[in-house]
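The block underneath contains the structure these notes are about, expressed in structure tokens.
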Amino acid sequence: MREIVDVFLNTVKLNLRNRRALIFMILFPICLTLILGTALSNVGGNNMNESLHMKAAVVNQDHGIMAGQMEKFFQSKEIKKIVEMKTYQTLRAAESDLKSQKLDAIIIINRGFSQAAQQGSHHQLNFITSGDLESSVIKSIAESYLKRINAVQAAASVGALPEHTGNQVQSGSLISDHTLSINGKVPKSSDYYAVTMLIMIILYASNYGLDVVRESKKSPIGYRIRSLPVRQMNYLIGKTLGQLATVFLQIVILVTFFKFIYHANFGNQLGFIFLMCFLLGLIVILFSMALSLFFTCELADTLLNFIVPIATFLAGGYIKLSFLETNSITSTLRNWLPNSLAQNLIFQNIYGGSGVSTSEGILKLIFIAGCMLLLTAIAVRRSKNGDLSK
Amino acid sequence: MIIEVKDLVKRYKDFLAIDHLSLTIKEGEIFGLLGPNGAGKTTLTNTILGLTAIDQGTITVFGKELRKHEREIKEDIGLVPQDIAVYDELTAYENIRLFGKLFGLRGEALKNGIDDALEFTGLTHLKNKKPSQFSGGMKRRLNIACAIVHKPKLIIMDEPTVGIDPQSRNYILESVKKLNQLDCTVIYISHYMEEVAAICSQIAIVDKGRIIAKGTKEELSRLIVDDQVISVDVEAPDYTIIERLKNLHGVKDASIDGQTVRIVLNELKLNTVLSTFLEEGSTITKVATNTPTLEDVFLTLTGRALREGSR
Ligand SMILES: Nc1ncnc2c1ncn2[C@@H]1O[C@H](COP(=O)(O)OP(=O)(O)OP(=O)(O)O)[C@@H](O)[C@H]1O
Ligand SMILES: [Mg+2]
């Protein structure tokens, strides 16, 4: 135990003194976020609308007054700027389009919706979503509009809003009000890149994983440590935890910068975001360790230099491309790529929606982390009596 | 006996790195392991520390069987690796402290251990500097300091003087002697004859994974003590001369290096040797007769120079 703590503390200390790596891990994502965020905000009016290409279906099963209002809202110009809304006659048709990835979300107005709304009893919109960022955005816009419409309705019913006649809610004013409430619902490109670049840099933590193997297996220091009365496993655990702690520290610094200085939207649950980052960091470090143990550090380094940008690209980290979601191969990959999973869960946490079930996503990440741990343990065992001469 | 190695075999795939080697080292000794590159010196060290699996044989250290008491045994050994193994990001003090901690030292014992190690290697005034600011010799000394912080009973130094200036070298040799006087057994690995001859009480010559000779410096020299070594410098020496010299009665060995021809004789027959040169038409520029050194012992035993390019 003492050994683990000693090695852990020493590892963190070494990392904090390695300025080059620190600068890379912190300044690189910040610069990229500034560049990508600015470049895209000039083109797409600072909203991600252009690259989001959100597509939603409205299935009106109610046909009441309130439902009509909702439908009108979805067809309004302001909304069309953000989301391409199509009215479907049957749920089945919409569902098949969702499956073939032509839609991001289906909004269902259930039968009895208008009546329940007028009576002031419980009523809600139902959603079927694909689970990506778009569906989260659509869901939260629709829900917030409903909340607003309800508030106005309530005010009107007690006569607080004389300009509304009867149950007729004036949609125009609501929609213009609504543009305000879209703030924080649709990510600005700066919000988007703050998250994706954070995720990307965690992938670069693979260098810290490689470093564990490099030091323990290839360097004179690792050789010296073997000559000490220290259990090799304890040394490896201490070293790995030290690297993980370093990466976590970098994450905290980055999130702090993005949230409080760059004012990117990170939602209200920083704890959740840290948890996702931590899990991803763990996976990345273990993965790169296993890779360099099974192959060589040089080969692992080369492979990772390919894997990291590809994984970032697939997750839509550099640019959000819809074909990544519609193509069945890339979308399956995204479903299991830990960076894509973590990124989606974070977006969903910030912008609402529950396309991917959060618990399922977290379980997937924990499962992947468990597999990596097992893989690394096997790799360590296997290389235990490996060669050493120096 | 501080170390007993019996019938040790270590293979790397098909390559026999240690070839049925047996060795005992007594307490209080400075034991020199001398051998050319690739002889198996480092491999032998690794087996003694349990760092590498062996194919055959038994190893006992401090009277305990290595395999069963590895951790315990390691607590009393200090290894100075052949390559410098210190963290560049840590100061000298921090380096020694880290390894001291990993040897299990805490509190006063740790503090004293660090101070003693620093003083012993003459680095006290540099303790807050990082190795990147050190000369090669200082780094080597720090490399040693990290291995003696826990005051081991046995210290293994794997070529601790490679690539350093003569002053640092002498400093290190002196400190090895001092360590030894403090009841520390030392295994000193080197391919420098002079070093081993200067400080070691016992010397084993290793070649191709075997010990080809063992004893004190005097005992080893006696192996060829009746012999005479002559070096003859000639202009443009010819390899045919070696054959002719070897065929002479009383010539044990002849070799050539640059302009120098080295001849080991059983009896002094300088005349015959020199006339052979003259018959070949060589111009002799210098003749020297030497008493044999360890280097000559090695050369005679193995037919190869200890270090490439030496002699
Ligand atoms: N991990 C390994 N795999 C394969 N062969 C090895 C390995 N380690 C050492 N050898 C071989 O074993 C032999 C002995 O190596 P070793 O390092 O023990 O030599 P040495 O006497 O310490 O040499 P030097 O003076 O150069 O340090 C060499 O021929 C080397 O090539
Ligand atoms: Mg060696």
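Quick caveat, the model's predicted, so the values are computed rather than measured. Throughout, protein chains are lettered first and strands after them, A, B, ... in sequence-line order, and every chain is numbered starting at 1.
- Proximity to chain A is limited to the side chain of B/Glu94, based on heavy atoms less than 4.5 angstrom apart.
- Counting heavy-atom pairs under 4.5 Å between each of A/Leu9, A/Val7, A/Val230, A/Leu228 and chain B puts A/Leu228 at the top.
- Taking chain B as the reference chain and counting heavy-atom pairs below 4.5 Å, the highest number among A/Glu215, A/Arg2, A/Glu3 is found for A/Arg2.
- Residue B/Leu90 touches chain A through both its backbone and its side chain, counting heavy-atom pairs closer than 4.5 Å.
- Contact count versus chain A (heavy atoms, under 4.5 Å) is highest, among B/Thr45, B/Ile77, B/Ile84, B/Leu102, for B/Leu102.
- In terms of heavy-atom pairs under 4.5 Å with chain A, the best-connected choice from B/Ala147, B/Gly104, B/Ala85 is B/Ala85.
- In this structure, A/Lys239 fails the cation-pi test against A/Phe8, since its NZ or CZ atom is not both closer than 6.0 Å to the six-membered ring centre and inside 45 degrees of the ring normal.
- Stacking of B/Lys101 on the aromatic ring of B/Phe99 is not recorded, the 6.0 Å distance cut-off and the 45° axial limit not both being met.
- Within 6.0 Å of NZ on B/Lys64 lie more than 12 heavy atoms contributed by other residues, nucleotides or ligands.
- With a 4.5 angstrom heavy-atom cutoff, A/Ile225 touches chain B only via side-chain atoms.
- A salt bridge does not link B/Lys10 with B/Asp19: none of the charged nitrogens is closer than 4.0 Å to a carboxylate oxygen.
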TODO: List the steps and the verdict of ring-ring contact (aromatic ring centres under 6.0 Å, His included) for A/Phe278 and A/Phe248.
DONE: CA-CA 6 Å; A/Phe278 181 82; A/Phe248 195 67; 5.7 Å; yes
Task: Verdict with reasoning, A/Phe24 to A/Tyr204, per ring-ring contact (aromatic ring centres under 6.0 Å, His included) - done: CA-CA 10 Å; A/Phe24 173 76; A/Tyr204 278 102; 5.4 Å; yes
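- With a 4.5 angstrom heavy-atom cutoff, B/Lys130 touches chain A only via side-chain atoms.
- Residue B/Asp88 does not touch chain A at all, counting heavy-atom pairs closer than 4.5 Å.
- Only the side chain of B/Leu98 comes within contact range of chain A, judged by heavy atoms closer than 4.5 Å.
- Checking each of B/Arg140, B/His191, B/Arg169 against B/Val162 for a side chain to side chain contact (heavy atoms under 4.5 Å, CB included) leaves exactly one that passes, namely B/Arg140.
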